[in-house]
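Each remark here refers to the structure printed beneath this line.
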Amino acid sequence: MSDKEKKEGGRERDERIRKLEELRRLGVNPYPYRFERTHSLIETMENEGSLSTDGASVSVAGRIMAIRGHGHTSFGNLKDGTGSLQFYIKDAGVDEKTWKTFRLLDVGDVVGLSGSLFRTKTGELTIKVKGLELLSKSLLPLPEKYHGLQDKELRYRQRYVDLIVNDEVMEVFRTRARIIDTIRSFLNERDFLEVETPVLQPIYGGAMARPFVTHHNALDMKLYLRIADELYLKRLIVGGMERVYEFCKDFRNEGMDRSHNPEFTMLECYAAYWDYNDMMEFVETLYQKLADEVLGTTKIKYGEQEIDLATPWRRLPFFESIKEKTGKDLREASEEELRKTAERCGINLEGVSGWVGLIDEIFSELVEPHLIQPVFITDYPVELSPLAKMHRSEKGLVERFEPYIAGFEMGNAFSELNDPLDQRERFEQQTRMRQEGADETHPVDENYLRALEHGMPPTGGLGIGIDRLVMLLTDSHSIRDVILFPAMRPETGRDG
RNA sequence: GCGCCGCUAGCUCAAUUGGCAGAGCAACUGACUCUUAAUCAGUAGGUUCGGGGUUCGAUUCCCCGGCGGUGUACCA
């Protein structure tokens, strides 16, 4: 036994192992193979009428969350994936072995109980235990019953304990599943085809971010974990899959904070013959439906903010949004003018360079934080968007939008650039920007260019950050609260 | 990366102007046949995150490190 194992749980663990051995001596297998349930706990409660009138027996299973002993009797609480039910056991009501077994149980043990339902004098539905089967002996104690598990580090590292004792955590992840399910139905109903594309990519692309790098031994080559699946999905559009989507785990080798985890979930979808206006309608309709189905209302609360997701959402061109804050149309402004405007607005420009960098900084500082109600920011400068199609009427802009809610960028969408020669030119511009010192630029992807040269129909494309969407709809304020196992540094030994 | 805050019993938290480290829950022993944060009596449980320094004495003060939280930066 390692030192670590000895320490973890300490004396209480030793005590439980002692009970385990005693149970075995009684002829009880503490880890049997299966148990036949007749009802989940929620079904038990819902069918109380029929179950208790004819004195029928029910069999339920779950984890013991509390034991309140009274000498010859005991009350306790059993919890399963659907709910919680009180149980009552009396030594005279069960055989001797069962009673002895019960006396060796602890809070945290998984058991199967059979018996009949009744109401206590305080009116609580309770199962009167006749049969009891230990299904799994727990060796480590659960956290304190009243305060639960508070320590954020432990909650993230031992999410299973968090889920056992903090019901609201379970609820967040049920909601997450409902959200994804609703999106999938929404897409399937509209004839989108769910596909899978490579996680390991020889050239990363579709976004601007630092990738994780890995190595393929058999091929002796460098591979990147995807930062996006965009370029693969658009190859499928070329191939004639007219509507495709993928729930895509993406990986970005960058900082972690309240809204960034190194691996996160993105939905990307593409529809041939759509443009970004179709995509805007699609997004607002989807969000309205999600709010309705998941929360039952489009009026949601996020922290102190009241947000209404009902359609239609405001459309606000990028430069228009900046004009609202600065009073100036900066589309034609020189770099010098941008710098002056930014400084006048009190923006710290340390480390910011170039026209694009400045305009982006001004937008981030002055506009973004105020985008609380749903809004589509549209028509971005071409330099910011190497994969988006030139605007049909506005020079220097592309047909791109980002939905913003509660100050969060919730996604990104374009009329996809399908002109292969223009796309090549954009990639080359990225390369020039890189040579001029830009940190992160989009690499040239010849393979993708060849696909475009075969002809991609006009296409609307969309990416939605699923984690942020779940945050919004569950009123969660850290991405770690909507990811079951968020990235953490490994636990170190006691010697640090 | 940087700033600030935190780390004390299995869990939730106290305490120390630097002087024997505490409570509640959980555990253990006992009492108790409708309790539900059960109750009552008792017992046990600590490398105060790790290392170093100052000191007669450090859990407390100082330095280095670890992990976490939070803000900020990066994320064209």
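The sequence lines fix the lettering, A, B, ..., with proteins before strands; numbering per chain opens at 1. Scope of the values below: all heavy atoms of this structure, side chains included, with no hydrogens, waters or symmetry mates. Bear in mind that the values here come from a model prediction, so they are computed numbers and not experimental data.
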If the [atom1] atom of [N] is compared with that of [M], how far apart are they to the nearest Å?
| N | M | atom1 | answer |
| --- | --- | --- | --- |
| B:G69 | B:G10 | C1' | 22 Å |
| B:G66 | B:C28 | P | 40 Å |
| B:G22 | B:U43 | P | 14 Å |
| B:A73 | B:C2 | P | 16 Å |
| B:G51 | B:A15 | P | 25 Å |
| B:G19 | B:C32 | C1' | 44 Å |
| B:C67 | B:A26 | P | 35 Å |
| B:A21 | B:U8 | C1' | 8 Å |

Name the residue closer to the 5' end of RNA chain B, choosing between A:Met256 and A:Met488 according to the nucleotide with the nearest heavy atom.
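Of the two residues, A:Met488 wins.
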5′-ward residue of the pair A:Pro386/A:Lys121 relative to RNA chain B
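Result: A:Lys121.
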Distance, nearest 0.5 Å, that separates [atom1] of [X] from [atom2] of [Y]:
| X | Y | atom1 | atom2 | answer |
| --- | --- | --- | --- | --- |
| A:Arg468 | A:Phe408 | CZ | CZ | 6.5 Å |
| A:Glu394 | A:Thr378 | CD | OG1 | 9.0 Å |
| A:Tyr232 | A:Glu268 | OH | CD | 13.0 Å |
| A:Leu113 | A:Phe102 | CG | CZ | 9.0 Å |
| A:Arg480 | A:Asp467 | CZ | CG | 12.5 Å |
| A:Leu149 | A:Lys152 | CG | NZ | 12.0 Å |

The side chain of A:Phe75 is closest to which nucleotide in this list: B:A73, B:C34, B:U12?
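Of the options given, the side chain of A:Phe75 lies nearest B:C34.
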Side chain to side chain contact (heavy atoms under 4.5 Å, CB included) evaluation trace for A:Asp257 with A:Ser259:
CA-CA 5 Å; A:Asp257 63 28; A:Ser259 58; 3.4 Å; yes
Within the 4.0 Å heavy-atom criterion, would you say [X] contacts the bases, only the backbone, or no part of the nucleic acid?
| X | answer |
| --- | --- |
| A:Arg157 | sugar-phosphate |
| A:Gln150 | sugar-phosphate |
| A:Met433 | base |
| A:Glu383 | base |
| A:Gly255 | base |
| A:Phe363 | nothing |
| A:Arg155 | nothing |

Can you list everything that forms a salt bridge (Lys or Arg N to Asp or Glu O under 4.0 Å) with A:Lys137? Sequence neighbours excluded, please.
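Testing A:Lys137 for salt bridge (Lys or Arg N to Asp or Glu O under 4.0 Å), a comparison that skips the adjacent residues, returns A:Asp106, A:Asp109.
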Counterpart residues, salt bridge (Lys or Arg N to Asp or Glu O under 4.0 Å), relative to A:Glu324 (two or more places apart)
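Here the qualifying residues are A:Arg314.
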For [N] and [X] - does any side-chain N or O of the residue sit under 4.0 Å from the phosphate oxygens OP1/OP2?
| X | N | result |
| --- | --- | --- |
| A:Arg489 | B:C67 | yes |
| A:Arg258 | B:G71 | yes |
| A:Arg68 | B:C34 | no |

Measure [atom1]/[X] against [atom2]/[N] and give the value in whole Å, please.
| X | N | atom1 | atom2 | value |
| --- | --- | --- | --- | --- |
| A:Asn77 | B:C34 | CG | P | 17 Å |
| A:Phe251 | B:C75 | CZ | P | 22 Å |
| A:Asp162 | B:C11 | CG | C1' | 13 Å |
| A:Asp151 | B:G10 | CG | C1' | 13 Å |
| A:Leu85 | B:C34 | CG | P | 19 Å |
| A:Asp467 | B:C75 | CG | C1' | 16 Å |
| A:Arg480 | B:U70 | CZ | C1' | 12 Å |
| A:Glu365 | B:A73 | CD | C1' | 11 Å |

For A:Phe75 and A:His70, take the angle between the two ring planes, folded into 0 to 90°, and tell me which bin it lands in: parallel under 30, tilted 30 to 60, perpendicular over 60.
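Geometry flag for A:His70 against A:Phe75: perpendicular rings.
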Can you check ring-ring contact (aromatic ring centres under 6.0 Å, His included) on A:Phe212 and A:Tyr224, steps first, answer last?
CA-CA 6 Å; A:Phe212 286 91; A:Tyr224 301 95; over 10 Å; no
Is there a side-chain contact between A:Phe264 and A:Arg252, using heavy atoms and a 4.5 Å cut-off?
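When only atoms from C-beta onward are counted, A:Arg252 and A:Phe264 do touch, with a gap below 4.5 Å.
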May I ask you to say whether A:Glu48 pairs ionically with A:Arg119, meaning some side-chain N is under 4.0 Å from a carboxylate O?
yes
Please state whether the base of B:U35 and the side chain of A:Gln86 form at least one donor-acceptor pair under 3.5 Å?
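For A:Gln86, whose side chain was compared with the base of B:U35, there is a donor-acceptor pair (under 3.5 Å).
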Any N or O donor-acceptor pair under 3.5 Å from the base of B:C74 to the side chain of A:Asp257?
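Indeed there is one.
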Heavy atoms under 4.0 Å is the rule here; annotate nucleotides 21-26 of chain B 5' to 3' with B where the base is hit, S where only the sugar-phosphate is, and - elsewhere.
---BBB
Protein within reach of the bases, or only the backbone? For nucleotides 28-33 of chain B, mark each nucleotide 5' to 3' as B, S or -, using heavy atoms under 4.0 Å.
S---BB
Within 45 degrees of the ring normal and closer than 6.0 Å to the centroid, is that where the cationic atom of A:Arg400 sits relative to A:Tyr380?
yes
Here's one to test your reading of the geometry: is the NZ or CZ of A:Lys128 within 45 degrees of the ring axis of A:Tyr88 and under 6.0 Å from its centre?
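Judged by the rule, A:Lys128 and A:Tyr88 form no cation-pi pair.
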I'd like to know whether A:Ser57 forms a side chain to side chain donor-acceptor pair (under 3.5 Å) with A:Lys130, so could you lay out the CA-CA distance, the side-chain angles of the two residues, the decisive distance to 0.1 Å, and finally the verdict.
CA-CA 9 Å; A:Ser57 176; A:Lys130 292 196 186 70; 5.9 Å; no
A:Thr431 versus A:Glu428, side-chain donor and acceptor atoms under 3.5 Å
no
Would you tabulate the nitrogen or oxygen pairs shorter than 3.5 Å linking the protein to nucleotides 5-8 of chain B?
none

Determine which bases of RNA chain B form Watson-Crick or G-U wobble pairs with both distances under 3.5 Å, and write the result as a 5' to 3' dot-bracket string with | for other-strand partners.
(((((((..((((.....[..)))).(((((.......))))).....(((((..]....))))))))))))....
